[in-house]
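Read through the structure below, which is laid out as structure tokens, and then see the notes.
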There are 2 protein chains.
Amino acid sequence: MTAAANQSGRRSTSRRLERAGIRDVAAAAGVSITTVSDALNGKGRLPDETRSRVREVAERLGYRPSAAARTLRTGRSGLIGLTVTTYGEEPFTFTEFAYFAEMARAATSAALGRGFALVVLPASSRHDVWSNIALDGTVVIDPPDQDPLVTELYRSGVPVVSDGKPGNCPVTAWVDNDHEAAVLDILDHLSEAGARRIGLLTGTSTDTYTRLSTEAYLGWCRRVGQEPVYETYPAHDPAAGAVAADRLLARPDRPDAVYGLFDPNGTDLLAAARRYGLRVPEDLLLVCCSESDVYAGTEPPITTLSLKPRKIGTTVVNLLIDAIEGVDPGSAGGHRAEGSRLFPPRFRTAGTGPPPGTLMPTELIVRASSQRRSPRRTVSPPRSPGGG
Amino acid sequence: MTAAANQSGRRSTSRRLERAGIRDVAAAAGVSITTVSDALNGKGRLPDETRSRVREVAERLGYRPSAAARTLRTGRSGLIGLTVTTYGEEPFTFTEFAYFAEMARAATSAALGRGFALVVLPASSRHDVWSNIALDGTVVIDPPDQDPLVTELYRSGVPVVSDGKPGNCPVTAWVDNDHEAAVLDILDHLSEAGARRIGLLTGTSTDTYTRLSTEAYLGWCRRVGQEPVYETYPAHDPAAGAVAADRLLARPDRPDAVYGLFDPNGTDLLAAARRYGLRVPEDLLLVCCSESDVYAGTEPPITTLSLKPRKIGTTVVNLLIDAIEGVDPGSAGGHRAEGSRLFPPRFRTAGTGPPPGTLMPTELIVRASSQRRSPRRTVSPPRSPGGG
DNA sequence: GACTCTTGGAGAAACGTATCTTCAGACCGG
DNA sequence: CCGGTCTGAAGATACGTTTCTCCAAGAGTC
């Protein structure tokens, strides 16, 4: 007791009325700080009586362990960065699209459930902000090729999991949709509904989503023998989308079905169709990729492809925390991702092979805009009942 | 140099291949760690030559100061909590409504601009998550009366600024719209457009927004001599809104104009009106509170009240950081809030008076749904040209 | 030449926790 | 009676900064 009391005495003279520290608790309980730490953290070998007594004293003193000190000592902050990449020169697309909002929400929730909190950090943030925060790991949304930020993070030993298959930057793991399969699915769906010439509304940026989707479309055209009909525009510019939709329907080789890669494309295409006197779905079949449920209420309702951002967000965070906690994902201790795991994930062992990736399924929500036969049906599964 | 070299030597034997620390930089540059710290942080009295040499060495070694250690030492983490309150039993309304998404985005941006990052923390989070994070301050969105979380934060000395005038919990400062003025404005606007009986669609929860708005409506009715016509529903339940909208228009004393307090009310009311064969705006004038621009594209476009979440988010964060940095908001050093400041903010001096509040203006975006005369006009200022 | 300033920089003490090591004593079998 | 094991707990160190205090030497000043 004497030592603890001495320390406490010293402190009380040097500082006044500050928050109670572990030493104060130790002194008040008549034990050492080791015992306090052990009692509060459920470690060490202590009789339950001591444990509860210490806890009670700590409670009475309103003791709150210093997160900073704990982080310094343990090397764990309980903080995960959520990086939102910026489109073009736009400062900040976070929550701009429903996809990001949903994904961020699910990620926050999943992290919280495992005791971590999320720090929202645009990739364009000042470097001093980044380096001033103790991060246990980072989620990166849709990193561009050769993202210097990701590279530096990875090099400095911070686990990085990306939403979107990374181009050339090393990551611990990544999660993405099977964009190729999704596009092919939609094209088949439109063909079955009677489409003869399917057009595409796509973006000019080089992110994986845009690239894979466009390539899948072009490949399908080649295979089926259809001339590609597509227009591109900078996806981050909301005004440009309407213009591109107009361009697409104004072409001499006007498509009789269109798939739009971005969320606002549905309303833009619908408006353009109206301007050209095209009826949907009679004259024009429409599908777009969107997480917004406004398309259930448009006239007519529009078929959408959902990328399942909630599943993605949850999976990304779980993979990241697994990596942080050093869990072997094969063992029983690891948290199982919810979606189907097409690629068996392996955690990076120094310099062997590509980082493990997980492909998540998408969901096609079929509505009136892509059905000629029975426009009364509103929602149906994407494939015939026999499909997996 | 000897001491530094010794320390470096000791360390290199005990640990291998870890990140470079300040000691390593000091040893490599042949100076003391004090000098390194001063050089890197622009403090102390050092000739530029030494400064740049140290910086260069640090760069070469890839030195990144430990955020945890800095936080422990300085007591500043550069982290701000963003608390999203939960509606009813719903887990998590963050980004649910456009208001929160916009507000959070603006807050993140503003914080980043001043060197802080935001940690998203639902009020329902496990306590261990809260206490495990070193927060310099917290933004609380719409705290309920007697929020225990806010009370504890405030008591433990963490500055708290709330979006929404707090009920009974102590905060450092708060920001809110002038909801009473906004409602009165809308009611006047509808009256001028020819409404004889104005109805209200409101919520059952007790948050400030709902309470003040409803009270303003009731007061106006009393003053004008109109019998109140309103329906309430739990705002967090999206399905209940449509039902309540239907109830309101099914009443025997059916209103000829309705103001809906929540974002989805516009589409719900429009759908209900259609079901009852009511034309908007001919038979029914419509206004709702929303940040979504879908109401510019509905048929007809709907007049909305914007609470200006971006301004709110920016102001809240700036007030919080002012408090964290101990800036007297009256002095030139303080960051000026952008909006009009109806109450002169004073920072809390122990136990005197209520916390300083700032009222921000709202904006009425007038569209066809609330105008009988000239439905062609789409957007106009809320008041007559003479108004402030 | 003794004195004050000023400049450049080093030493060492925190910050508050977690944990490794050590240690005294109790208990126990032979 | 003695060595060994187990329990309960204290001591000390390290985590990596920032910053307060102090000192040496050079530069002026009278």
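No hydrogens, no waters, no symmetry mates; every other heavy atom, side chains included, goes into these values. Nothing here was measured: the structure is a model prediction, and the numbers come from that model. Chain A is the first sequence line, chain B the second, and so forth, proteins listed ahead of strands; every chain is numbered from 1.
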request  = Output the distance between atom CD1 (Ile324(A)) and atom CG (Leu319(A)), rounded to the nearest 0.5 Å.
outcome  = 11.0 Å

Distance test, side-chain N/O of Ser66(A) to OP1/OP2 of dG16(C), below 4.0 Å = no

query = Quick one: Asn132(B) CG to dG16(C) P, roughly how many Å, whole number?
reply = 17 Å

ask   = Do the side-chain N or O atoms of Lys43(A) get closer than 4.0 angstrom to the phosphate oxygens (OP1, OP2) of dT19(C)?
value = yes

ask   = Roughly, in whole Å, what's the span from CZ in Arg23(A) to C1' in dT13(D)?
value = 13 Å

ask   = Could you state the CG-C1' distance from Asp38(A) to dA9(D), rounded to the nearest angstrom?
value = 9 Å

key: Interatomic distance, Arg64(B) CZ vs dC15(D) P [rounded to whole Å]   = 21 Å

note = When rounded to the nearest 0.5 Å, the distance separating CG of Leu320(B) from CG of Asp163(B) is 12.5 Å

message = The side chain of Arg73(A) is closest to which nucleotide in this list: dT17(D), dA10(C), dA14(D)?
response = dA14(D)

query = Just by distance, do the side chain of Arg76(B) and the backbone of Asp136(B) share a donor-acceptor pair under 3.5 Å?
reply = no

request  = Can you measure from CG (Asn318(B)) to CZ (Arg114(B)) and round to the nearest 0.5 angstrom?
outcome  = 5.0 Å

ask   = Without hydrogens or angle criteria, can the side chains of Ser32(B) and Thr35(B) be said to hold a donor-acceptor pair below 3.5 Å?
value = yes

message = Need one value for Thr71(A): base, sugar-phosphate or nothing, where a base atom within 4.0 Å counts as base even if backbone is also close, heavy atoms only.
response = nothing

task = Check whether the side chain of Ser37(A) and the base of dT19(C) form a donor-acceptor pair under 3.5 Å.
result = no

ask   = Roughly, in whole Å, what's the span from CD1 in Ile33(B) to P in dA14(C)?
value = 15 Å

query = Between dT17(D), dT17(C), dA9(D), which nucleotide has the shortest distance from any of its atoms to the side chain of Arg70(B)?
reply = dT17(D)

remark   = Between CD of Glu49(A) and C1' of dG8(D) the distance, given in whole Å, is 12 Å

ask   = Hey, does Leu72(B) reach any base, or is it just sugar-phosphate, or nothing, if we go heavy atoms under 4.0 Å?
value = base

ask   = Going from OG1 on Thr314(A) to CZ on Arg105(A), what distance comes out if it is rounded to the nearest 0.5 angstrom?
value = 11.0 Å

remark   = Between CZ of Arg45(A) and P of dC23(C) the distance, given in whole Å, is 15 Å

task = Indicate yes or no: does Glu56(A) engage Arg60(A) in a salt bridge with an N to O separation below 4.0 Å.
result = no

note = Asn41(B) CG to dG9(C) C1', in whole Å, measures 16 Å

message = For Leu46(B) and Ala69(B), find the nucleotide of DNA chain C closest to each by heavy atoms; which residue's nucleotide sits nearer the 5' end?
response = Leu46(B)

Which residues share a salt bridge (charged side-chain N to carboxylate O under 4.0 Å, His left out) with Glu59(A), sequence neighbours left out = none

key: Axis bend over the full length of the helix from dG1(C)-dC30(D) to dG30(C)-dC1(D), computed from five pairs that close each end, to 10 degrees   = 50°

ask   = Can you find an N or O donor on one side and an acceptor on the other, under 3.5 Å apart, linking the side chain of Thr34(B) with the base of dG11(C)?
value = yes

task = Check every atom of dT17(C), dG9(C), dA9(D) against the side chain of Thr35(B) and return the nucleotide holding the closest atom.
result = dG9(C)

